[in-house]
Number of protein chains: 2
Amino acid sequence: MTDQATLADRADTFRSISAATGEAEGPAFPVHGTADVEAACAAAAAAFDAYRGTDAETRSRFLEQIGEEIEAIGDTLIETASRESGLPRARLEGERGRTIGQLKLFAEVVRAGAWRGLRIDTALPDRQPLPRPDLRLRTVPLGPVAVFGASNFPLAFSTAGGDTASALAAGCPVVVKGHPAHPATGELVAEAIRKAVAASGLPDGVFGHLTGPGNDLGSALVQDPRIAAVGFTGSRGGGMALVRLAQARPVPIPVYAEMSSINPVVLMPEALRARGAALGMAFVGSLTMGAGQFCTNPGLVVAVEGEGLDAFLNAARTALGDAPSSTMLTPGIHAAYTKGVEDLSSHPQVETVGRGSVGSPTCGQAGLFATTAAAFLADEALGHEIFGASSLLVRCRDEAELIGVLQAAEGQLTATIQMDAGDTDAAARLVPVLELKAGRVLVNGWPTGVEVAHAMVHGGPFPATSDGRTTSVGSLAIDRFLRPVSYQNLPAELLPPELRNGGQAGAPLLLDGKAV
Amino acid sequence: MTDQATLADRADTFRSISAATGEAEGPAFPVHGTADVEAACAAAAAAFDAYRGTDAETRSRFLEQIGEEIEAIGDTLIETASRESGLPRARLEGERGRTIGQLKLFAEVVRAGAWRGLRIDTALPDRQPLPRPDLRLRTVPLGPVAVFGASNFPLAFSTAGGDTASALAAGCPVVVKGHPAHPATGELVAEAIRKAVAASGLPDGVFGHLTGPGNDLGSALVQDPRIAAVGFTGSRGGGMALVRLAQARPVPIPVYAEMSSINPVVLMPEALRARGAALGMAFVGSLTMGAGQFCTNPGLVVAVEGEGLDAFLNAARTALGDAPSSTMLTPGIHAAYTKGVEDLSSHPQVETVGRGSVGSPTCGQAGLFATTAAAFLADEALGHEIFGASSLLVRCRDEAELIGVLQAAEGQLTATIQMDAGDTDAAARLVPVLELKAGRVLVNGWPTGVEVAHAMVHGGPFPATSDGRTTSVGSLAIDRFLRPVSYQNLPAELLPPELRNGGQAGAPLLLDGKAV
């Protein structure tokens with residue numbers, strides 16, 4: 001908990017900013033400095049061996065316990081998060097459920113044991129010309145992980161969010177750099193995790209929590225030699241700054257930064273013809289949900305010119321006008337959104353299709369804009385993300401031009417096809433293009449809404465993320481914090497228990513190349 | 001094949017340098033330039049979709065065919081490689097077997113299908129408050145891969161070596177930058193691969209081969225926007241240069257550089273007492289094999305002072321004197337080795353334990369040196385790799401100091417414990433230290449000799465490699481060239497065949513979180 005006695009001695013503290021009013025409010029939080037980074041990283045490093053040595057049941061129960069402690073905070077958590085983020089209660093209640101569900105999923109994953117990657121190649125002492133040694137492989141956790149929470153999911157992608165859950169599941173202590181847009185929410189969740197650490201009899205250093213409004217704190221954290229990997233969700237600029245710092249270290253470390261995506265939605269001709277208006281309405285629902293503040297917000301729409309497209313645009317224009325405007329997460333995000341939309345709408349090759357209603361000064365005004373494929377291909381700035389409820393329709397003359405637009409787009413988290421049965425042949429030509437461009441390909445859905453599941457990928461080629469080989473949502477995310485180690489001819493008593501004969505405890509094993 | 005007619009028109013060609021004589025010999029090879037890089041990358045990109053779309057049987061047969069074509073070169077390959085590298089015939093025959101075996105292993109891996117990473121989460125249309133979509137996950141290959149061959153394994157880590165085999169297995173076209181120390185060997189193998197490409201009915205661009213003596217060619221290759229990943233085995237300087245280039249691209253790409261390792265060997269007290277002399281002799285065998293030119297050469301020995309250590313050193317000194325000296329791979333490697341040993345032996349805190357025999361001017365003179373733990377900890381230069389048959393013994397006062405030395409060492413490919421039964425308790429305290437420091441931990445063996453197997457890791461923390469999350473040897477290496485993609489609510493006819501219901505063709509599947 002924030003120690004008010006200590007705080008009184010500090011030169012610097014900071015407070016929550018209400019999303020709705022822009023006013024500072026509530027208690028003061030410490031602006032942590034280098035000594036705090038040092039202490040948190042030292043504690044994490046000291047806790048690493050004990051924590052990675054926990055058995056599956058202890059670690060799984062710990063993850064579940066974090067969920068229970070978050071649940072136990074009760075309505076205070078929802079109220080606090082709503083005040084700090086401007087997000088409505090219902091959304092935050094759902095997000096809380098998702099956060100707790102995610103911890104439970106990783107508890108199951110830890111118990112099931114596939115993440116251990118167990119492999120045994122038995123010795124062949126009589127092989128000619130040389131015997132084969134006994135080789136056994138498992139994964140080990142990378143080490144203490146620095147997690148940077150996101151502003152747009154104050155629960156599910158923040159203090160106890162996906163990166164924290166997957167790193168803890170992998171056996172890595174975590175040091176969270178709390179997002180300064182929701183310090184009170186972050187501190188409530190951090191305290192829940194600390195309670196779970198204590199209840200599970202784990203060393204304190206398994207979880208650390210650093211707070212402060214500036215960038216220096218995060219920079220110091222990423223540069224600390226005891227930090228072995230970084231999880232980040234946020235802007236392209238912020239993510240790339242951390243990537244550069246991590247690469248410049250004497251010992252470089254991986255950074256998993258989820259950064260920038262405009263999530264192309266392709267409207268196929270038959271679907272437009274059959275249900276252009278319905279698509280326009282549904283699209284605006286996805287675009288404006290949560291003031292458009294989703295990494296998977298549909299910021300790019302691509303379609304071939306035609307009759308159905310007009311129906312889509314007319315319906316979208318109407319729906320936009322009807323959509324309520326929403327408070328944005330922070331004044332900074334609001335300002336960046338407003339600037340981005342101004343630049344886009346004043347672009348000589350861009351027309352404004354429609355705008356949303358104007359709300360209070362902290363609300364973002366939604367917008368749908370349109371341009372031609374030729375203009376899009378000529379100016380790469382038209383492919384940059386505007387974080388918020390803004391989208392750009394690119395009008396194409398034919399399928400070839402449409403594919404050219406998709407190939408020219410940067411790497412994406414998602415790519416969506418809206419199609420009817422008559423579009424199948426053309427869609428089959430798109431899938432091979434889209435699967436190389438994005439981490440997730442959808443048909444007849446909207447990219448907002450990321451299921452926490454085994455078969456989910458929330459990732460994708462640069463700049464959607466800094467490392468497209470991994471995901472930040474779903475059970476596969478545990479792999480990003482592990483690396484393989486091979487043990488050659490170790491006597492049984494020196495082997496990790498899960499690599500001894502018969503010690504797999506239900507975890508899958510590749511024995512001499514065969515799954516058993 | 002090298003086209004002599006075209007070569008006559010070139011301003012620049014280069015020739016093989018005989019390892020034994022240092023003289024240029026044999027035919028001229030082209031010095032490829034930016035136009036050649038452009039052509040090779042364009043062809044690779046054009047071939048990517050067709051190649052990644054091959055079925056398992058076609059791709060597996062292609063890998064096997066490469067092996068058959070290499071076999072069919074016959075003795076010319078061994079003679080050529082021996083002349084260019086100075087390595088003896090028997091070693092190269094073994095290396096050829098390993099190269100072909102590696103291709104066969106990846107053919108099996110492709111057929112077995114675990115690399116596809118298949119996962120299906122079935123739709124839950126009635127779930128409250130929101131339905132769950134149908135989610136299906138598989139891996140896709142990253143794209144065309146640039147492979148930099150190593151000088152010290154002209155077959156197994158070069159043109160058709162591990163990186164080429166695993167990238168082709170993953171579905172990635174490969175552009176090899178041939179190692180200039182063995183251009184004739186490289187061209188023989190490249191032609192074998194081209195024959196296999198043609199015999200398999202694949203597009204030419206599946207395999208490209210660029211040659212030249214300088215660094216510009218490799219730099220251009222890594223910077224080509226169509227290259228999606230890089231495999232490299234070589235020096236720390238060379239590897240880091242490629243890493244920096246890859247990170248500075250507009251779209252950064254992963255570089256798997258296997259670079260620098262001194263492979264600590266810990267001599268435990270009971271083992272030293274029981275068989276110090278035998279360990280000394282066996283150690284020198286590992287140290288001097290192949291003129292010490294292995295990534296896994298034991299360049300660091302760590303032991304607690306004691307009686308058995310003297311027996312080890314005396315035996316090692318004698319064995320060193322008896323060991324024949326061997327021709328080194330290139331004049332440059334020889335010069336760097338000689339310089340490294342001179343610097344080490346003239347270090348004020350380093351004593352020379354023994355030296356090997358002096359051979360011809362192209363031979364490396366083996367050396368074993370010793371220092372104290374205090375000196376080792378005070379000067380990080382003592383922990384740097386000297387590529388060749390040089391090793392440094394670090395004398396420790398006690399186990400605590402020994403563990404301090406191991407913890408201070410950089411990341412390693414391997415770490416070895418020489419122990420007897422009475423050392424078990426102490427060894428159990430070392431394993432957790434070593435498994436965080438290295439990709440492979442061995443007991444009572446020597447690190448040279450890397451088995452191509454399922455449970456092998458030839459990798460490790462920086463600077464052993466630039467990415468310790470992966471391996472360059474063994475079947476797990478296929479994963480480095482893949483990334484996951486999730487497909488949401490795709491109609492069956494748009495899904496990749498292996499993600500359709502019942503389409504797994506024997507590949508393992510995680511269905512709703514359960515292995516089936």
Side-chain angles (χ1 to χ4, degrees), chain A residues 49 94 108 112 114 119-121 129-130 132-133 135-137 140 143 247 251-252 254 411 424 427-428 431-432 435-436 438-445 449 451 453-457 459 461-462 466 468-469 471 475-476 482-491 493-494 508 510 512-513 515, chain B residues 49 94 108 112 114 119-121 129-130 132-133 135-137 140 143 247 251-252 254 411 424 427-428 431-432 435-436 438-445 449 451 453-457 459 461-462 466 468-469 471 475-476 482-491 493-494 508 510 512-513 515:
Chain A
D49 271 341
E108 283 171 36
R119 295 173 169 221
I120 297 179
D121 293 328
L130 288 171
R132 183 171 83 176
L135 287 166
R136 296 174 189 239
L137 184 151
V140 297
Q247 290 171 342
V251 175
T424 300
V431 171
E435 70 188 359
L436 295 184
R440 179 165 54 114
V441 177
L442 302 83
V443 165
N444 290 344
E451 186 72 30
H454 297 288
M456 174 51 67
V457 176
F462 185 90
S466 57
R469 295 165 292 174
T471 175
S475 63
L476 196 58
L482 298 165
R483 69 175 181 86
V485 175
S486 180
Y487 302 83
Q488 181 171 326
N489 284 343
L490 261 62
E493 57 270 33
L494 291 186
L510 195 73
D512 292 324
Chain B
D49 271 341
E108 283 171 36
R119 295 173 168 221
I120 297 178
D121 292 328
L130 288 172
R132 182 170 83 175
L135 287 166
R136 298 175 187 236
L137 183 150
V140 296
Q247 289 171 342
V251 176
T424 300
V431 171
E435 71 188 359
L436 296 183
R440 178 165 55 115
V441 177
L442 302 84
V443 164
N444 290 344
E451 187 72 30
H454 298 288
M456 175 50 66
V457 176
F462 185 91
S466 57
R469 294 164 292 174
T471 175
S475 63
L476 196 58
L482 298 166
R483 69 174 181 86
V485 174
S486 180
Y487 302 83
Q488 181 171 327
N489 283 343
L490 262 62
E493 58 271 32
L494 290 186
L510 195 74
D512 292 323

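Chain identifiers are assigned alphabetically (A, B, ...) following the order of the sequence lines, protein sequences preceding nucleic acid strands; residue numbering begins at 1 within each chain. Model, not experiment: these values are computed from the prediction.
- Using a 4.5 Å cut-off between heavy atoms, A:P508 does not touch chain B at all.
- With a 4.5 angstrom heavy-atom cutoff, B:A438 touches chain A only via backbone atoms.
- In this structure, the portions of A:V251 lying under 4.5 Å from any heavy atom of chain B include both its backbone and its side chain.
- Of the atoms belonging to A:E493, it is side-chain heavy atoms, and not backbone ones, that fall under 4.5 Å from chain B.
- Counting heavy atoms from C-beta outward, B:R483 and B:V140 have side chains that approach closer than 4.5 Å.
- Highest contact tally toward chain A, considering only B:A515, B:A428, B:P252, B:P129, is held by B:P252 [criterion: heavy-atom pairs under 4.5 Å].
- In terms of heavy-atom pairs under 4.5 angstrom with chain B, the leader among A:P461, A:G449, A:S466 is A:P461.
- Rounding to the nearest 0.5 Å places CG of A:L135 at 4.5 Å from OG of A:S486.
- The greatest number of non-hydrogen atom pairs below 4.5 Å with chain A, out of B:V457, B:L482, B:T471, is found for B:V457.
- Heavy-atom pairs under 4.5 Å with chain B peak, among A:G439, A:P133, A:A114, at A:G439.
- If you measure heavy-atom distances from B:V431 to chain A, the contacts under 4.5 Å come from the side chain alone.
- Comparing B:L476, B:N444, B:L130 by how many heavy-atom pairs each has under 4.5 Å with chain A, the most go to B:L476.
- The pair B:D512-B:R132 meets the salt-bridge criterion, since a charged nitrogen lies less than 4.0 angstrom from a carboxylate oxygen.
- Side-chain contact check for B:P491 versus A:T424: every heavy-atom pair is 4.5 Å or farther apart.
- Of the possible donor and acceptor atoms, one in the side chain of B:D121 sits under 3.5 Å from a partner among the backbone N and O of A:A455.
- Contact annotation for B:R136: only backbone heavy atoms (N, CA, C, O) come within less than 4.5 Å of a heavy atom of chain A.
- The line from CD of B:E435 to OH of A:Y487 is 3.5 Å long, rounded to the nearest 0.5 Å.
- Heavy-atom pairs under 4.5 Å with chain A were tallied for B:A112, B:P254, B:G445, B:G459; the largest tally goes to B:P254.
- The CG atom of A:L510 lies 9.5 Å from the CG atom of A:L137; values are rounded to the nearest 0.5 Å.
- Looking at B:R119 and A:S475, their side chains come closer than 4.5 Å, going by heavy atoms from C-beta outward.
- Both the backbone and the side chain of B:L494 come within contact range of chain A, judged by heavy atoms closer than 4.5 Å.
- The closest side-chain heavy-atom distance from A:Q488 to A:L490 is not below 4.5 Å.
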